[in-house]
Amino acid sequence: MAVDSPNLTSSGTSGSRPERQKLENWLNKSMRIRMTDGRTLVGVFLCTDCDCNIIVGSCEEYLRPPDSQPKEDPRILGLAMIPGKHIVSIEIDDTTVPQGSENLDGSEAASVSACFDHPDYM
Amino acid sequence: MSKILPRKIYDEQLDLPQSQESSLNMASEITEQVSVDQPKYNWVDITQEFFSASSQLQLGELVHTNMFGLFEAMSAIEMMDPKMDAGMLCNQIKRKVLTLEQSVEEGSVKISKLDHCELIGIMDSSLACLVTWIEGHSLAQTVFTNLYLHNPYIIEDRCLKCFCIVMLKTVDLIRERINRAGTVEEEDFQPMSYGFRMAGDVSDSRALGMIKEVEEEFGKISKNTRPKAGQDRTVLQETQHQLVTAVHIRLKFFRLFYSALLSFVKEKCEGLQMAQKQLSQIVEILPAIISTISFGVQEESSQASKNDYPTIPGFEPLINQRLLPPTFPRYTIIKGRLESVNYIKILVQKLQSITVVPELGSLHTILEFFMEFSRSSPCVLSRSLLQLMLIPPNRRVFGSQSVVDSLKDTIRNFISPPGLSPKSSIYNHAQAKEYIDALLTRAARPICTLFQITGHNRARQRDKWAHILDDLSNLQEEADKVDAYLHTLLVQTERNRSHLACFGTWVLYHTLNAMINYTLSGFELELYATFEYHYVYWYLYELLYAWMVSTLHRADSFLLDAENAPDMSQKGRSSKKSKKKKRAKTLARELTIAQAYQQMFGGYYKAVVAFQLCGKLKEPKFKFDNEEVRYSHRFAPFSTVLTPPMVHYAQYKEMSDLGRYDPLPTTQEMFGAACKCFCQAKELLDSITPQTEEIQTIIKIAKTNFVVMKLVVGGHKEDSLDPPEFDFTQHNIFPIIKLIQASSLPLWEQLNALLYRFARNKSCTAIICSKLLYILWDCLYNEAGPVLRNHTYAYHNRSQTDRDQTSRWIQLLNTLSTPSLVTGTGKTLKIKSQYC
């Protein structure tokens, strides 16, 4: 077992193994978060902790509710952290192929690379 | 030729004005990219799952991707924190933020039929925004809060339209100039233009033509509505006339301002005379603008929140919020209208003063000007224009002379090396020429950097002076090599002349200047603590200025040699001994100033040592303090310089050890020595003509310090252990040493005490006494100001006899009505008559 600080290793304590796994599966996926003041943030899920503070990369900020007309220009934020207490809802970009067979390599890589190609990715 | 000036690279902007590049509109480009790359998302709500999963984590446990740790996490901006989240405040503003087109449609913003008050208001507010931008705020939050500038082509009112176009072109030109000069840091100026179009498709002449047309129209109306003799006018007519005139002079101002900037840009400094004319015309109309500011439509004085402030129609502070980069929110307070016009006044004055630079002569004189200019803390625009005037983009001095040629002229004036003198035998030697050219080509960059350093803001210069020492040190080595070669050549034909340390001396001069500037900047930036003064002053007195004086001496003697040297280019060596005429080139002034400064710092050094000896200045007793570490840190940049060699701490301690003197000097002797230094400094400075204001200030400081030292020698306050105070208010490098009064005795009370002491000392002669009275009176004169200035007869009648002088002194003291002086027991009067 590595002697790293227990805070940063991926191998957590036994009690939360399946929960951790769920969270780890969501890492690097596009995430959409609605905040308490009505803004929506879209970015790549990078990090979280026990208080549900979430760090997203290549974050874009939308003022109006998603899918409203006319199409809104987002404000580019870059790397942003949302405190857990200001999160209303979290949505993940489900990249699984509808047939049920997990295509983790192709589509996930595609959506990740799309975000990496974004000019403001830090 | 290698690059002379390092260019600052701004990622998002080319440093060409937009009329030379295709108009970018980056905001829309980003939009396009996003909409093209926008992936099709398939959003699935996982809120509850996420909350429950994350709550299972341990305290402090993170789930994160590879390559992402706490270091990266720390740079994330925190949402919903007003200190970091600029977007938060957008939402708190309840009103709608509309673009120009939307506002016009809605009817809240007019594009036609604007009345004069509105025009005046818009122009004045725009000027205020321009000034705020130049002061260092972003374009998005200043100039472009004016909606009219977003799309001036839809404006129907001719006056407003041409004003907007000229304003955009002015902003574009200013931005280009400042970026190109490259002497700004992020605290000085924000170069981003956010992709706003700046009327790039309208040429300069067309824009100027447009505004001139409208200006002339208004001028005609103003003339026609002028009050005519013998004609009754209604208030309305008069107001109308004044309004039209106000608009007219504003149009004139903006036209002249843009034209003046264009004149500065002209190649080879050809436009400078034109610029002078235009600037003086601006100076003439500025008072009229100031007096008519109140005519413009004013903002309502409603409550201003941090991000939102009241504006007149046409201005929207929040219009560009979405364009701002995701940094912490910046609140821009737009300068007041009157303040802005006054700012322009000062700017124009600075610009006027720099138009004479090409006539200054050698690069050394120009460098002196640049340093003096920098000391007045000029704004970003004037600094940039000055830099570009000297070295425009074509890398030639003032656009015409090559840097190497300019250096040759300068060095000839400084030290007149045989290698550059047509009279000398080696002047036409092919190899010598080659070496000299190579050396000067190498020297071009560091020397140009010296000028560039003075273009930065005062605080940043310290680091840059330290940095240039590296380059200068390398140049020094090369210069010494060239000198050695030229020397071997020279002694073959002119045996009694030397070429050693010729170019080397010139480089050394600049190296010493840089070291001195670095050290003195510490005073200006208030970096040194009082307990550091002894080694700082020592370094300046014993090392830097000592070397400087000897360097200038050497250069001066070279100049003298060169003048007296036989003309080897004449065949037949007719030894025409030139008559003893006044020397054409001499470094006497510089030499005297250097000597004077050396004496000043010597005075300070000895005073500080003396204060330490008598316990008034104590050594610090911090736990982790180490003087050697402090010393090495302060002079760290000097360690790369070979000449002069760095004096390390141990050596410094040895050289400054008072134990070397036998017997040990007393505090009285040290104070006396300090006194002499200040006296010497004053005399040296007195001999300089012409005297600048700064030199006069330093003379005053020297005199005051001389008096204080004298007082201390006389035993003044010797029992008190209060530390002296170093007062930098008169001059930020030369402080006035003050002995803080434990009680609040006025100075004349203290003088009285001193007079008593002198009186008791029977060996004091009348001459010394009255001389001292004169000096003390001088000091008092400076301290007590207007009351005493009425009694200047005492001050001026120095040539009169001691008796007269003393009686005048007594009269004067009477008028100060200090009882202890006049009466007490009448002792004072008695004493003085005794010594007359």
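Chain identifiers are assigned alphabetically (A, B, ...) following the order of the sequence lines, protein sequences preceding nucleic acid strands; residue numbering begins at 1 within each chain. For clarity, every value in this text was computed on a predicted model and none was experimentally measured.
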Colleague: Report the distance from atom CD1 of A:Ile87 to atom CE of B:Met79, rounding to the nearest 0.5 Å.
Modeller: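 Spacing of CD1 (A:Ile87) from CE (B:Met79) equals 11.0 Å.
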Colleague: Taking all atoms of both residues into account, what is the closest heavy-atom pair of B:Leu57 and A:Cys50, and its distance?
Modeller: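 Taking every non-hydrogen atom into account, O-CB, 3.4 Å.
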Colleague: Between atom CE of A:Met31 and atom CH2 of B:Trp43, what is the distance when rounded to the nearest 0.5 Å?
Modeller: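 Rounded to the nearest 0.5 Å, the CE-CH2 separation comes out at 9.0 Å.
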Colleague: Can a donor-acceptor pair be found, under 3.5 Å and without considering hydrogens, that links the side chain of B:Thr47 to the backbone of A:Ile90?
Modeller: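 Judged by distance alone, yes, a pair lies under 3.5 Å.
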Colleague: Can you name the residues that form a side-chain hydrogen bond (donor to acceptor under 3.5 Å, both in side chains) with B:Ser52, not counting sequence neighbours?
Modeller: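 For B:Ser52 there are no side-chain hydrogen bond (donor to acceptor under 3.5 Å, both in side chains) partners, ignoring immediate neighbours.
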Colleague: First locate atom CD of A:Glu19, then atom OG of B:Ser54, and finally report the distance between them rounded to the nearest 0.5 Å.
Modeller: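 Here the rounded value is 9.0 Å.
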Colleague: Could you grab the distance from atom CD1 of A:Ile92 to atom CG of B:Asp45, nearest 0.5 Å is fine?
Modeller: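 With rounding to 0.5 Å, CD1 (A:Ile92) is 10.5 Å from CG (B:Asp45).
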Colleague: Sequence neighbours left out, what pairs pass salt bridge (charged side-chain N to carboxylate O under 4.0 Å, His left out) with at least one residue falling in residues 81-91 of chain A?
Modeller: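 For residues 81-91 of chain A, and leaving out neighbouring residues, the salt bridge (charged side-chain N to carboxylate O under 4.0 Å, His left out) pairs sorted by first residue read A:Arg32-A:Glu91.
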Colleague: With side chain to side chain contact (heavy atoms under 4.5 Å, CB included) as the criterion, how do B:Ile77 and A:Leu77 come out once you've worked through the C-alpha distance, each side chain's angles and the decisive distance to 0.1 Å?
Modeller: CA-CA 8 Å; B:Ile77 48 175; A:Leu77 299 182; 4.2 Å; yes
Colleague: May I ask you to decide whether A:Arg39 forms a salt bridge with B:Asp85, counting only side-chain N to carboxylate O separations under 4.0 Å?
Modeller: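 Salt bridge present between A:Arg39 and B:Asp85.
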Colleague: Can you label the angle between the B:Phe50 ring and the A:Trp26 ring as parallel, tilted or perpendicular, going by 30° and 60°?
Modeller: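 Plane angle under 30°, so parallel.
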Colleague: CG of A:Asp49 to CG of B:Leu62: how many Å apart, nearest 0.5 Å?
Modeller: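 Answer for the CG-CG pair, A:Asp49 versus B:Leu62, is 6.0 Å.
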Colleague: About how many Å separate CG of B:Leu59 and CG of A:Asp51, when rounded to the nearest 0.5 Å?
Modeller: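 Interatomic distance, A:Asp51 CG to B:Leu59 CG, rounded to 0.5 Å: 7.5 Å.
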Colleague: What option among B:Met80, B:Glu72, B:Glu78, B:Met84 has the most heavy-atom pairs under 4.5 Å with chain A?
Modeller: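 Most heavy-atom pairs under 4.5 Å with chain A: B:Met80.
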Colleague: Where does A:Val88 contact chain B at under 4.5 Å (heavy atoms): side chain, backbone, both or neither?
Modeller: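 Interface part for A:Val88: backbone (N, CA, C, O).
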Colleague: Please evaluate residues B:Phe68 and A:Leu27 with respect to the criterion side chain to side chain contact (heavy atoms under 4.5 Å, CB included), reporting the C-alpha separation (whole Å), side-chain torsions for both, the decisive distance (0.1 Å), and the verdict.
Modeller: CA-CA 11 Å; B:Phe68 189 90; A:Leu27 283 174; over 6 Å; no
Colleague: Would you indicate whether the side-chain heavy atoms of B:Thr65 and A:Cys47 approach each other to under 4.5 Å?
Modeller: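 Of all side-chain heavy-atom pairs linking B:Thr65 with A:Cys47, none is under 4.5 Å.
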Colleague: Take A:Leu46 and B:His64, measure what side chain to side chain contact (heavy atoms under 4.5 Å, CB included) needs, and give me the verdict at the end.
Modeller: CA-CA 6 Å; A:Leu46 290 178; B:His64 63 91; over 6 Å; no
Colleague: If you count the non-hydrogen atoms of other residues, nucleotides and ligands that lie under 6.0 Å from CD in B:Glu101, is the total more than 12?
Modeller: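 Enclosed.
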Colleague: Would a distance-only check, ignoring hydrogens and angles, find a side-chain to backbone donor-acceptor pair under 3.5 Å from A:Asp93 to B:Asn42?
Modeller: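 Confirmed, A:Asp93 side chain pairs with B:Asn42 backbone.
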Colleague: Just checking B:Ile154: does its CD1 atom have more than 12 heavy atoms from other residues, nucleotides or ligands closer to it than 6.0 angstrom?
Modeller: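 Yes, enclosed.
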